[in-house]
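Per chain, numbering begins at 1; letters A, B, ... match sequence-line order.
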Protein chains: 2
Amino acid sequence: MTNEATKSARKSALKPADRRAGARAPASSKPKPASNRAERAAERRGAIIAAAMDEFIARGFAATRLDDIAKRAGVAKGTIYLHFKDKESMFEELIRTAIVPLVTRLWATPPQPGASVRDMVEGFAKTFIEEVAATRRGDLVRLIVAEGPRFPEVADFYYREVVSRGLAGMRALIELGIARGEIQHKNLARFPQIMVAPALIAVIWQSLFSRHAPLDALEMFRVHLDLIFGERRTA
Amino acid sequence: MTNEATKSARKSALKPADRRAGARAPASSKPKPASNRAERAAERRGAIIAAAMDEFIARGFAATRLDDIAKRAGVAKGTIYLHFKDKESMFEELIRTAIVPLVTRLWATPPQPGASVRDMVEGFAKTFIEEVAATRRGDLVRLIVAEGPRFPEVADFYYREVVSRGLAGMRALIELGIARGEIQHKNLARFPQIMVAPALIAVIWQSLFSRHAPLDALEMFRVHLDLIFGERRTA
DNA sequence: CATTTATGACTGACTGGTCAGTCATTGTCA
DNA sequence: TGACAATGACTGACCAGTCAGTCATAAATG
């Protein structure tokens, strides 16, 4: 048709890259009729986020290529820029959107009124180790440790949303334990970091040394709790 | 995929220009007079290592530019290649040469025969916190945590030379403590990581959060020791 | 309902800049 | 002076970010 002719006339002089229509075709055979436009956009955004997560975790910020993220997400590179301003803000937003549900999940521990402080801490640690240390989320923590100094905003956000809240909560728990007589060491409330330390060790260990020597993180944490609450277990 | 292949291909199919690095070695065992020339070469090498250290710590492996290292070392870029095969092996060698003296220094703690196990551990921690956590060396540890997964050889080396030895030594100390009756928790010997955990926390904290909230690492460690050895201090 | 027009999500070739690694040339010591 | 050390301009690969063009879908129209 005339239309056709005019259209191709303009750009036409180049490579046989015009089977454009065909190029997109392979995807067309997909059995996915994601009808709504907004839906598809959201799907794509999600795919980009997941892909970027994997790539950043595997390679770090600087060594990650946007081409690889695009390829992994099944999307053209330009599409990424429809959702994110640039690589850096993508990284920052990524971390933020990943941390929120993580924290939410961790604080979703059922606060059973009858439970001892030790049980609460142990349950918390169990969740953390199972949901974070033993999974890809753990690498997220390592990624923050790795890139934090170069992304002050990420470090700020992480401190504000995770570290300071987490430590405050832990301190409250410790004080409760002291008040109830479960914990003898009053000074512990001054350094809630101590309570949490083995959990962080576990995360790092999984990433770096699990292939050298596996670590039973939960068992380690229980031993640690024995130090704080006194021996209890028989295993 | 093509990218990946090309990249590694390039790497392994290098030109035979590599005996550079090896050429340096023979000098060491030779009865060569410490000429002005050799001295200067060693000096330059040291300057390059120091500069590279700073840059890698500040920016991470991928984002560090050799031009910057050269400039900081007061040397032309080509000179770097007289001492190191390429960026990657420079990084690995760097870590190795930095770790050895670090470990040496740490194990140089005077083993006073009359000291209690607690004193020994505390002295050790004091050295570590003062010499590592509070200095640029601490960032080296963070650097290893950050880049370890991408440099398996570095992680291997670190595990072999630092982690496994350190833990073995700590375990021996714990067992001594148990034998002497200073430590009640026998299970602690199964997880020497627990003894060390707050020290690692301190390193990470200094790098990421010291500007949000300063941490008295030594005091924290003392409180931690109170958990293990029982209260002792009056502060 | 069928057809035309408008929209904007999506694409990927392309650009401009960056940087690891090279090597012909220049400098320096023994 | 001969041998080796040092230099830094240069090369080629690589990659973040752009934008002209495409096309499926939605809105408007008859």
So B:Trp205 and A:Tyr159, would you call those rings parallel, tilted or perpendicular, with 30° and 60° as cut-offs?
perpendicular
For the base of C:dG21, is there a side-chain donor-acceptor partner from B:Lys77 under 3.5 Å away?
yes
Under 3.5 Å: donor-acceptor pair, side chain of A:Ser89, backbone of A:Asp86
yes
Is there a side-chain polar atom (N or O) of A:Arg44 under 4.0 Å from OP1 or OP2 of C:dT11?
yes
Could you check whether any side-chain N or O of B:His83 sits under 3.5 Å from a backbone N or O of B:Gly46, counting only pairs where one atom can act as donor and the other as acceptor?
no
Rounded distance (Å) that lies between atom P of D:dC19 and atom CD1 of A:Ile80
17 Å
Rounded interatomic separation in angstrom, taking CG from A:Leu82 and P from C:dT7:
18 Å
Ranking B:Thr79 and A:Leu66 by the position along DNA chain D of their nearest nucleotide, the one closer to 5' is B:Thr79
Closest nucleotide among D:dA16, C:dG21, D:dT7 to the B:Lys87 side chain:
C:dG21
Between B:His212 (side chain only) and A:Arg160 (backbone N and O only), is there a donor and an acceptor less than 3.5 Å apart?
no
Value in whole Å for how far the P atom of D:dG17 lies from CD1 of A:Ile69:
11 Å
Side-chain atoms of B:Arg65 come closest, of C:dC19, D:dT7, D:dA16, to C:dC19
